[in-house]
Amino acid sequence: MKRLNSLLIAAVLFLGANNSIQAQAKVAHVDVNELISKMPAMLDAQKQLEKLSGTYDAEYKTMVEEYQNKLKKYDQEASTVTDVINQARQTEVQDLTKRITDYRDNAQKELQKKEADMVKPLMDKIKASISKIGKAKGFQYVINVADLLLADGPDLTADVKKDLGF
């Protein structure tokens, strides 16, 4: 009887251990930063953003130069003109300062929006490819390597690159 109980307990433990081993999830990782940075479409998007940024920078520099020239001129002439003219010039300089600040802020917002608009479809494409490759290889989870402290499992980055065509 004791022997039968021992065998029964051993069988239950064996089956329980076997089930817990089978219940472990299959996990892989992928380096999304590497994928996005090497994606040809992303490289094209970066060139477009750099060109747009250069345009904004040139316009900003022109506005700043105009501001500095007016400020210099007004400082030199301040003692030779009336208080009314100096007051009008001060208002003009304040307005110009506000225009420059608004331009810079709007340019930054537009660049960020343009970048988000360009990156979103690329990230969607990467996510779809990761899902496709992960499912095809039988993984339940695929984690971005940037979120891991230890990435010692299967790396799907090369497979996803191949699927994306680069």
Side-chain angles (χ1 to χ4, degrees), residues 25 27-137 139-166:
V27 179
H29 63 272
V30 67
D31 190 346
V32 174
N33 290 336
E34 180 181 342
L35 291 171
I36 195 78
S37 68
K38 303 246 169 92
M39 198 172 196
M42 184 61 184
L43 298 174
D44 292 340
Q46 285 175 334
K47 288 178 186 174
Q48 290 178 20
L49 289 171
E50 287 172 8
K51 183 178 177 183
L52 184 59
S53 179
T55 302
Y56 287 141
D57 285 345
E59 181 66 25
Y60 179 76
K61 286 179 183 176
T62 301
M63 292 173 80
V64 169
E65 285 176 14
E66 177 188 349
Y67 170 81
Q68 289 172 340
N69 289 339
K70 282 189 178 191
L71 198 59
K72 185 178 178 181
K73 177 183 174 190
Y74 293 167
D75 283 344
Q76 290 173 349
E77 297 175 353
S79 60
T80 61
V81 294
T82 65
D83 287 342
V84 174
I85 292 175
N86 279 332
Q87 188 68 28
R89 287 179 172 181
Q90 184 178 9
T91 303
E92 182 183 356
V93 168
Q94 288 172 348
D95 290 343
L96 193 54
T97 301
K98 184 177 180 343
R99 266 189 34 223
I100 291 170
T101 303
D102 290 347
Y103 180 83
R104 183 193 65 219
D105 294 345
N106 288 335
Q108 286 175 346
K109 286 177 187 173
E110 287 181 35
L111 278 172
Q112 289 171 349
K113 184 182 181 316
K114 182 81 169 171
E115 181 179 19
D117 290 346
M118 292 175 145
V119 170
K120 185 182 180 332
L122 300 178
M123 287 301 295
D124 290 344
K125 190 173 181 181
I126 288 172
K127 286 178 184 177
S129 180
I130 290 170
S131 179
K132 175 182 160 188
I133 298 295
K135 286 179 182 176
K137 293 199 175 242
F139 292 102
Q140 293 168 312
Y141 300 98
V142 179
I143 302 170
N144 185 5
V145 76
D147 299 327
L148 297 174
L149 298 175
L150 174 66
D152 197 22
D155 184 358
L156 300 181
T157 305
D159 295 326
V160 174
K161 277 184 184 179
K162 186 176 178 182
D163 184 57
L164 291 171
F166 65 97

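Scope of the values below: all heavy atoms of this structure, side chains included, with no hydrogens, waters or symmetry mates. Note that the structure is a prediction, hence the values are computed from the model and not measured.
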- prompt: Met63 and side-chain contact (heavy atoms from CB on, under 4.5 Å): which partner among Arg104, Arg99, Gln68?
  reply: Arg99
Within this structure, what is the [atom1]-[atom2] distance for the pair [X] and [Y], rounded to the nearest 0.5 Å?
{"X": "Ile130", "Y": "Asn144", "atom1": "CD1", "atom2": "CG", "result": "7.5 Å"}
{"X": "Gln90", "Y": "Leu71", "atom1": "CD", "atom2": "CG", "result": "10.5 Å"}
{"X": "Ile100", "Y": "Thr62", "atom1": "CD1", "atom2": "OG1", "result": "10.5 Å"}

Which pairs, with at least one residue in [range] and sequence neighbours excluded, count as a salt bridge (Lys or Arg N to Asp or Glu O under 4.0 Å)?
{"range": "residues 122-133", "result": "Lys120-Asp124, Lys132-Asp163"}
{"range": "residues 149-160", "result": "Lys137-Asp159"}
{"range": "residues 59-72", "result": "Glu66-Lys70, Lys70-Glu92"}

message: With a sphere of 6.0 Å drawn around CZ of Phe166, does it hold more than 12 non-hydrogen atoms of other residues, nucleotides or ligands?
response: yes
For [X] and [Y], work out which heavy atoms get closest and say how close.
{"X": "Asn86", "Y": "Val81", "answer": "OD1-CG2, 3.1 Å"}
{"X": "Val160", "Y": "Ser129", "answer": "CG1-OG, 3.5 Å"}
{"X": "Tyr67", "Y": "Thr97", "answer": "CE1-OG1, 3.1 Å"}

query: Which pairs with one or both residues in residues 105-114 pass side chain to side chain donor-acceptor pair (under 3.5 Å), sequence neighbours excluded?
result: Tyr56-Glu110, Lys113-Asp117
task: For His29 and Pro154, indicate whether the former's side chain and the latter's backbone hold a donor-acceptor pair under 3.5 Å.
output: yes
Asp31 vs Leu35, side-chain contact (heavy atoms from CB on, under 4.5 Å): CA-CA, chis, key distance, verdict: CA-CA 6 Å; Asp31 190 346; Leu35 291 171; 5.9 Å; no
- prompt: What's the verdict on side-chain contact (heavy atoms from CB on, under 4.5 Å) for Ile133 and Lys162, showing C-alpha distance, side-chain angles and the deciding distance?
  reply: CA-CA 10 Å; Ile133 298 295; Lys162 186 176 178 182; over 6 Å; no
statement: Residues at least two apart in sequence or cross-chain that pass salt bridge (charged side-chain N to carboxylate O under 4.0 Å, His left out) with Asp83, listed by chain then number, are none
Output side-chain donor-acceptor pairs under 3.5 Å for residues 36-55, partner residues at least two apart or in another chain, one line each.
from, atom 1, to, atom 2, distance (Å)
Ser37, OG, Asn33, O, 3.0
Ser37, OG, Glu34, O, 3.1
Thr55, OG1, Lys51, O, 3.1

